[in-house]
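Structure first, then comments.
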There are 2 protein chains.
Amino acid sequence: MVDPFVMYREVLALRGMRVTPQRLMILQVIDEGHGHLTADQIGDRIRAKFPAIHQGTIYRTLEVLREAGLVSETHLGDRSAVYELVGSHPHHHLVCDNCGQVIEIGDAMLAPLRAALFNQFGFRARTEHFAIFGLCADCARQPEPTPGA
Amino acid sequence: MVDPFVMYREVLALRGMRVTPQRLMILQVIDEGHGHLTADQIGDRIRAKFPAIHQGTIYRTLEVLREAGLVSETHLGDRSAVYELVGSHPHHHLVCDNCGQVIEIGDAMLAPLRAALFNQFGFRARTEHFAIFGLCADCARQPEPTPGA
DNA sequence: TTTTATGCAAAAGCTTTGCACGCCC
DNA sequence: GGGCGTGCAAAGCTTTTGCATAAAA
C-alpha cells in the first residue's frame, strides 16, 4: 500500500506547487470525504488533529487546488460547496430536498443525457460531479413531513 | 389579457395568505424573471419603482412563498439561489462553468433520465428546475481562457 | 536567500432575526 | 380591533483579504 502523503507530495511537486503539511492534510481529507465535505467540514476534520490550521488557509488552498485542476467544487444546494479530487472515480449525487439525504450514483447513468446535450447544444456537461435534486424514495412516499403530526 | 396582479391576488388569498403590495410585486418580478433572478436582483428590480421595500422583506417573503409551494428555489452554483414560480413552463438550465452563460433547455430532454432514476432508486427528480454544469460550446472550443493572452 | 504559504484578524457579502409600527382582514 | 407583515437595524455566517511571520525551495 502506498503512503498517500507520498502521492499527494508528487501531485503538488509535479505542478511546481509548494508542498506544505497543510496542503497534504487538506488533500487527504478531501480524498477521504469522497466529494461530500464542505470547506468548513474539511477544516474541522483537520483541526481535530492539528488545531493550528486556520480556516482562511483552507479557503485559500481550496482555491489554489481548484485552479490547478486537482480539486473540483460542487454546489449541492444547501449553501456551501463540496470538494473532491478530480480523477477519483466519477460519480454523482441525488440530493433529497426534504431530508437532505445524498445518494451516490455511478457515472454510466448520465451518459445518454450527456451525449444528447452535446449533440444538440455542443454543451460539455461536467463529468466530475453532478447534483440532481428531488425527493428520495422514503420522502416521496410521505408527501409532506407535517412537523406537527 | 388578464391583469397579473388579480391572478397573484387569488393565488395568495386561496391559500389564506395575506395579500400585500410587496408580495404582489415580488410574485410579478419572479414571474418575469423566468427563474433567472436571485433574491438580490428581485429586490433591485422592485426597488427601482418602489424604493421603500426592504431586502429583509424579500428574503422573508421568498421563504413564505417557497413553503407555500408557490415558488421554487434553485442553486445555480455561483453563490445565491434563483427563484421561479412553480407551474410555469418546466425548463432547466445548462450553466457554463467558464463564462457563466445560462442556456435554457426544455423538460423533455430530461424525461429519460428521470424515468431511469425513478426505476432504479425510487428517486423523484424535481421537475421544476434542474441545473447542469459544464462548458458551453464556445468555451469548450478554447480549453483555457488564459486572461493574459 | 528569495519566494511563497500560513496564521491572525479584520472586513466584506449575503441572509436571518428582534422589535415596534402599520396595514390587511 | 386583532393579528400578521413590513421597515429598520443589528447580528450571524461564510468567505475573502491585508499584513507580518514562518516555512519551502
Side-chain angles (χ1 to χ4, degrees), chain A residues 5-6 8-30 37-68 70-71 73-83, chain B residues 5-6 8-30 37-68 70-71 73-83:
Chain A
F5 266 26
V6 173
Y8 302 137
R9 188 180 294 276
E10 283 176 8
V11 164
L12 293 171
L14 275 171
R15 315 220 171 198
M17 301 171 71
R18 287 205 175 172
V19 177
T20 68
Q22 290 87 343
R23 290 182 174 181
L24 293 175
M25 287 187 284
I26 289 170
L27 281 169
Q28 188 176 38
V29 169
I30 291 174
L37 299 180
T38 65
D40 198 52
Q41 292 171 323
I42 292 168
D44 283 345
R45 290 215 182 178
I46 296 177
R47 247 170 267 122
K49 294 176 184 171
F50 185 72
I53 200 169
H54 197 270
Q55 193 58 25
T57 300
I58 308 285
Y59 285 111
R60 265 185 299 219
T61 303
L62 287 173
E63 190 188 346
V64 168
L65 295 176
R66 193 161 51 79
E67 284 172 357
L70 296 174
V71 160
E73 182 187 84
T74 305
H75 293 261
L76 290 188
D78 310 81
R79 46 187 146 249
S80 299
V82 295
Y83 298 86
Chain B
F5 266 27
V6 172
Y8 302 138
R9 189 180 294 275
E10 281 176 9
V11 163
L12 293 170
L14 275 170
R15 314 220 171 199
M17 300 170 73
R18 288 205 175 171
V19 177
T20 69
Q22 290 87 343
R23 289 182 174 179
L24 293 175
M25 287 187 287
I26 290 170
L27 281 169
Q28 187 175 38
V29 168
I30 291 174
L37 298 180
T38 65
D40 199 50
Q41 292 170 322
I42 292 168
D44 284 345
R45 291 214 180 179
I46 297 177
R47 249 169 266 123
K49 294 177 186 173
F50 184 74
I53 200 169
H54 197 270
Q55 193 59 25
T57 299
I58 307 287
Y59 285 112
R60 265 185 299 218
T61 303
L62 287 173
E63 190 190 345
V64 168
L65 294 176
R66 194 163 50 79
E67 285 173 355
L70 296 174
V71 160
E73 183 187 82
T74 306
H75 292 260
L76 291 188
D78 311 81
R79 47 189 144 248
S80 299
V82 295
Y83 297 86

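Note on naming: letters A, B, ... go to the chains in the order of the sequence lines (proteins, then strands), and numbering restarts at 1 for each one. The figures that follow rest on heavy atoms only: side chains count, while hydrogens, waters and symmetry mates do not.
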Whichever of Glu63(A) and Thr61(B) has its nearest DNA chain D nucleotide further upstream toward 5': Thr61(B)
Would you compute the distance between atom [atom1] of [X] and atom [atom2] of [Y] and round it to the nearest 0.5 angstrom?
{"X": "Ile26(A)", "Y": "Tyr8(A)", "atom1": "CD1", "atom2": "OH", "answer": "12.5 Å"}
{"X": "Ile42(A)", "Y": "Ile53(A)", "atom1": "CD1", "atom2": "CD1", "answer": "10.0 Å"}
{"X": "Arg23(B)", "Y": "Leu70(B)", "atom1": "CZ", "atom2": "CG", "answer": "10.0 Å"}
{"X": "Arg18(A)", "Y": "Leu12(A)", "atom1": "CZ", "atom2": "CG", "answer": "12.5 Å"}

How close or far is atom [atom2] of [N] from atom [atom1] of [X], stated in whole angstroms?
{"X": "Tyr59(B)", "N": "dT17(C)", "atom1": "OH", "atom2": "P", "answer": "13 Å"}
{"X": "Met25(A)", "N": "dA23(D)", "atom1": "CE", "atom2": "P", "answer": "13 Å"}
{"X": "Ile53(A)", "N": "dA23(D)", "atom1": "CD1", "atom2": "P", "answer": "14 Å"}
{"X": "His54(A)", "N": "dA22(D)", "atom1": "NE2", "atom2": "C1'", "answer": "16 Å"}
{"X": "Tyr83(A)", "N": "dT14(D)", "atom1": "OH", "atom2": "C1'", "answer": "11 Å"}
{"X": "Leu12(B)", "N": "dT6(D)", "atom1": "CG", "atom2": "C1'", "answer": "15 Å"}
{"X": "Ile42(A)", "N": "dT14(D)", "atom1": "CD1", "atom2": "P", "answer": "14 Å"}
{"X": "Phe50(B)", "N": "dT6(D)", "atom1": "CZ", "atom2": "P", "answer": "10 Å"}

Between [options], spot the one nearest the side chain of [X], thanks.
{"X": "Ala39(A)", "options": "dG7(D), dT15(D), dC14(C)", "answer": "dT15(D)"}
{"X": "Gln22(A)", "options": "dT6(C), dA9(D), dC8(C)", "answer": "dT6(C)"}
{"X": "Arg23(A)", "options": "dG7(C), dA5(C), dC14(C)", "answer": "dA5(C)"}

Tabulate protein N/O versus nucleotide N/O from nucleotides 18-20 of chain D, keeping only pairs under 3.5 Å, one per line.
residue: dG18(D); atom: O6; partner: Arg60(A); partner atom: NH1; Å: 3.1

Bending between helix ends of the helix from dT1(C)-dA25(D) to dC25(C)-dG1(D) [5 pairs per end, 10° resolution]: 40°
Sequence-distant partners of Arg9(B), side chain to side chain donor-acceptor pair (under 3.5 Å), two or more places apart: none
Presence of Ser80(B) side-chain N/O under 4.0 Å of dT15(C) phosphate oxygens OP1/OP2: yes
Steps toward side chain to side chain contact (heavy atoms under 4.5 Å, CB included) verdict (Leu37(A), Val29(A)): CA-CA 9 Å; Leu37(A) 299 180; Val29(A) 169; 3.8 Å; yes
Base-contact (B) and sugar-phosphate-only (S) positions in nucleotides 20-25 of chain C, heavy-atom cut-off under 4.0 Å, - elsewhere: ----BS
Minimum-distance pair of heavy atoms, taken over all atoms of Gln55(A) and Gly43(A): OE1-CA, 3.6 Å
Could you give the side-chain donor-acceptor pairs of residues 57-68 of chain A under 3.5 Å, partners two or more places apart or in another chain?
residue: Thr61(A); atom: OG1; partner: Thr57(A); partner atom: O; Å: 2.7
residue: Arg66(A); atom: NE; partner: Glu73(A); partner atom: OE2; Å: 3.4

Listed once per pair and sorted, the salt bridge (charged side-chain N to carboxylate O under 4.0 Å, His left out) pairs that draw on residues 46-55 of chain B, sequence neighbours left out: Asp44(B)-Arg47(B)
Gln41(B) side-chain N/O to Thr38(B) backbone N/O, donor-acceptor pair under 3.5 Å: yes
